[in-house]
There are 4 protein chains.
Amino acid sequence: MSASPERRSELLATAAEVFAAQGYNATTVRQIADAAGMLAGSLYYHFDSKESMVDEILSAFLGELWAGYDAVLAAGLGPRETIEALVTESFREIDRHRPAVAIYQKEAMHLSVQPRFGYLADSQKKFERAWLGTLERGADAGVFRADLDLRLTYRFIRDTVWVAASWYRPGGLHTPEEIARQYLSMVLDGIAVQS
Amino acid sequence: MSASPERRSELLATAAEVFAAQGYNATTVRQIADAAGMLAGSLYYHFDSKESMVDEILSAFLGELWAGYDAVLAAGLGPRETIEALVTESFREIDRHRPAVAIYQKEAMHLSVQPRFGYLADSQKKFERAWLGTLERGADAGVFRADLDLRLTYRFIRDTVWVAASWYRPGGLHTPEEIARQYLSMVLDGIAVQS
Amino acid sequence: MSASPERRSELLATAAEVFAAQGYNATTVRQIADAAGMLAGSLYYHFDSKESMVDEILSAFLGELWAGYDAVLAAGLGPRETIEALVTESFREIDRHRPAVAIYQKEAMHLSVQPRFGYLADSQKKFERAWLGTLERGADAGVFRADLDLRLTYRFIRDTVWVAASWYRPGGLHTPEEIARQYLSMVLDGIAVQS
Amino acid sequence: MSASPERRSELLATAAEVFAAQGYNATTVRQIADAAGMLAGSLYYHFDSKESMVDEILSAFLGELWAGYDAVLAAGLGPRETIEALVTESFREIDRHRPAVAIYQKEAMHLSVQPRFGYLADSQKKFERAWLGTLERGADAGVFRADLDLRLTYRFIRDTVWVAASWYRPGGLHTPEEIARQYLSMVLDGIAVQS
DNA sequence: CATGAATGAGGGTTCATTCAT
DNA sequence: GATGAATGAACCCTCATTCAT
């Protein structure tokens with residue numbers, strides 16, 4: 001069970017692409033195998049199951065994501081700068097792991113009920129603590145508006161950022177940093193001309 | 001292949017709830033039948049197929065949605081007021097058709113490739129014209145900032161609004177109008193304290 | 001899940017026949033379905049799984065077997081009469097449940113490692129207590145020879161009786177009672193002419 | 001497709017152990033390879049197929065068995081002495097080839113339908129002639145009881161002896177000769193105290 | 001001699017769907 | 001209107017086998 005790590009990675013990249021395009025449930029192993037140029041059964045030399053493929057895709061993604069987030073959170077930045085850094089980091093992650101992010105968006109809720117995917121729920125809690133905590137810090141410090149429901153604000157930003165994975169195409173017009181700047185500009189200052 | 005319209009509506013409401021909770025593909029006809037207190041085969045007296053159930057759910061939702069949107073668009077409001085009205089209308093729609101909206105969010109992309117669901121793509125185009133057009137009108141009129149990429153802004157607002165269906169619970173703390181006000185406040189003025 | 005008990009019983013009888021003839025592992029559900037005149041998938045309307053079919057076959061058999069055995073053991077017979085009654089009861093059981101007995105013989109050991117089939121191991125222990133206990137009683141009472149290893153004797157009789165299921169054909173030359181008498185005659189008095 | 005005979009024998013011994021423990025069908029080539037410390041594909045350097053492994057195991061066993069049996073049958077012993085010698089020889093065979101005997105017990109019937117395993121059916125016929133013939137000789141000579149159905153008696157002894165392979169453990173309490181003596185004592189004189 | 005990777009046939013199971021009652 | 005039973009296609013997965021290296 002297993003094999004050269006490069007082949008695994010190639011196959012996982014292929015699988016992620018198909019999962020992201022069609023949804024996990026709607027994707028057959030045959031389709032993945034077709035996309036990889038092999039027969040369905042051959043995938044099982046490399047992976048235990050279809051489930052273990054998503055598992056590996058998602059946990060690899062979350063691993064990298066949290067490496068980036070943790071670095072940001074440990075940097076001791078102010079609330080506004082932290083939000084800026086987290087948003088930027090998120091768009092970089094979308095750029096590098098677009099299929100994984102799309103899968104995460106669509107499937108995390110169903111999957112997380114299975115014990116095997118318990119880490120998805122854990123991650124979501126950590127996520128909320130990081131973002132909501134920063135927002136609270138900023139509200140207390142007078143950097144963010146005090147008249148907003150912070151839970152609502154948290155969901156607003158979270159969704160806004162990650163949903164981008166559903167339309168983002170790497171190599172398109174905008175770099176991740178450019179998109180991040182625009183998003184931040186909207187989120188922080190609004191789209192209306194301030195009088 | 002007929003029957004009282006009320007029974008149909010009840011069954012569709014049940015089906016929508018299950019589809020929204022588990023995803024269209026992951027939902028079996030049996031689960032819907034269980035939830036409706038009948039056997040799987042019995043559903044086929046009321047509906048042609050599983051597909052025709054989502055079809056009916058989605059087209060009913062889109063019908064009502066466009067009734068509301070068209071009324072707003074025909075009202076001759078200014079750009080900012082139009083956006084406000086559209087957002088408010090959207091949250092009302094989420095309040096009334098939460099399961100349908102959730103299904104729409106998750107499944108529209110897969111489904112719209114089938115001829116039968118062509119109206120989903122049509123709706124999306126109409127949607128984009130309405131929102132993007134309003135944003136452009138506002139930017140030209142100096143009501144919205146001119147330094148933002150409007151396509152990006154459009155996606156930003158669209159996602160922000162609809163994703164709410166994934167966590168919104170009718171009868172919760174906030175009324176649709178209250179949520180709309182908060183969202184609009186964030187989107188229009190930003191979350192940062194303006195100096 | 002389930003249905004008219006008669007249909008279940010018919011299907012189980014068919015399945016038992018095929019299992020007995022080809023072995024549990026070597027039997028495909030398609031073969032069972034063929035023998036029952038239906039498609040493989042249709043079996044799953046009646047049963048959860050191939051495993052649950054053997055399960056039901058074996059537990060039904062053991063249920064009846066122990067009903068008979070318990071009656072014998074509760075009758076307060078002497079050791080020799082108890083052995084005679086148990087042997088006779090066993091051949092009657094083989095006559096009525098030949099396929100089930102054959103399956104039990106071949107598959108019990110593999111299956112009993114699974115928790116679901118724990119009752120097989122339980123039954124085997126009860127079995128040993130009943131037979132070995134009777135033999136010990138008989139040896140103490142001077143009815144059975146004292147110079148034999150009783151564990152060996154137990155296995156000897158046990159195997160002797162049950163293996164008959166592999167060649168016994170109901171409706172053949174001998175009634176179960178006739179076969180039991182011959183077996184008992186051999187086991188009790190030996191095949192050699194006693195001088 | 002060749003290689004040192006010792007390696008073959010080692011591998012066959014390993015395979016026989018696994019086949020005996022799990023059944024032929026339930027055993028995967030991978031399990032055999034694992035037990036032999038190699039990969040599944042590597043076995044095919046030594047053997048044509050999984051089938052050829054059992055083939056070699058069974059024919060080697062039957063070869064040795066018949067060498068022993070033929071020697072006994074050619075010795076010109078009386079009926080009782082012949083039976084005694086055959087039983088003793090059988091237990092010796094079980095002692096030396098326990099896995100092969102266990103496989104033979106469980107799989108002979110399925111396998112013998114294939115042309116390749118025709119020799120299994122042949123052996124069974126020879127077997128019956130040897131034992132049944134000896135019993136008839138003994139009955140005619142007044143050494144064995146004349147009131148027993150000899151076919152039944154034959155099956156009784158045959159099963160009794162070979163089934164021992166399913167529980168016999170080499171190096172246990174009893175030597176093969178000791179077990180043979182006990183079995184013979186039971187079979188010849190019965191377990192009841194003769195008045 | 002052995003490995004790594006793949007093949008391809010088939011096995012157990014699920015599920016939307018049908019239809020006689 | 002609903003049930004019970006069956007269909008048939010497709011799905012995930014297993015496994016004996018092959019073969020280039």
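Below, read A as the first sequence line, B as the second, and so on, with proteins coming before strands; counting in each chain starts at 1.
Side-chain contact between C/L43 and C/H46 is absent, with no heavy atoms from C-beta onward closer than 4.5 Å. Between D/L11 and D/I32, the closest side-chain pair of non-hydrogen atoms is not below 4.5 Å.
Distance D/D34 CG to E/dA2 P: 15 Å, rounded to the nearest Å. Here E/dA16 presents its P atom at 5 Å from NZ of B/K50, a figure rounded to the nearest Å. Put simply, CD on A/E51 is 18 Å from P on F/dC11, counting in whole angstrom units. Residue A/Q31 contributes atom CD, which lies 12 Å from atom P of F/dA10 at whole-angstrom precision. In this structure, D/N25 places its CG atom 17 Å from P of F/dT14, rounding to the nearest Å. Atom pair B/E10:CD and F/dA2:P shows a separation of 10 Å (rounding to whole Å applied).
Heavy-atom nearest nucleotides on DNA chain F were determined for D/V29 and for C/G41, and the one closer to the 5' end corresponds to C/G41. Toward the 5′ end of DNA chain F lies the nearest nucleotide of C/L11, the other residue of the pair C/L11 and A/R30 mapping further downstream.
Using N1 to N3 plus N6-O4 or O6-N4 for Watson-Crick, or N1-O2 and O6-N3 for G-U wobble, each under 3.5 Å, F/dA20 pairs with E/dT3.
Remark: the backbone N or O of B/Y119 is not paired with any side-chain donor or acceptor of B/S123 at under 3.5 angstrom.
Comparing E/dT17, E/dT13, F/dT7 by their nearest atom to the side chain of C/M38 picks out F/dT7. Proximity note for A/S49 (side chain, C-beta onward) versus F/dC13, F/dA16, F/dG1: the nearest is F/dC13. Listed candidates were F/dG4, F/dT17, E/dA6. Nearest to the side chain of D/Y44 is F/dT17. Closest approach to the C/S42 side chain among E/dA6, E/dG11, F/dA6 is made by F/dA6 (side chain taken as heavy atoms from C-beta onward). The side chain of A/L39 approaches E/dT7 more closely than any other nucleotide in the set E/dT7, E/dT14, F/dT3.
For C/K50 and C/Y24, the positive end sits near the middle of the six-membered ring, less than 6.0 Å away and at most 45° from its axis.
Note on B/S52: nothing from the nucleic acid sits closer than 4.0 angstrom, heavy atoms only.
Taking side-chain N and O atoms only, A/Y45 has no distance below 4.0 Å to OP1 or OP2 of E/dA6. For F/dG4, the OP1/OP2 oxygens have no side-chain nitrogen or oxygen of C/H46 closer than 4.0 Å.
A/Q22 and B/H110 share no donor-acceptor pair across their side chains, judged by distance under 3.5 Å alone.
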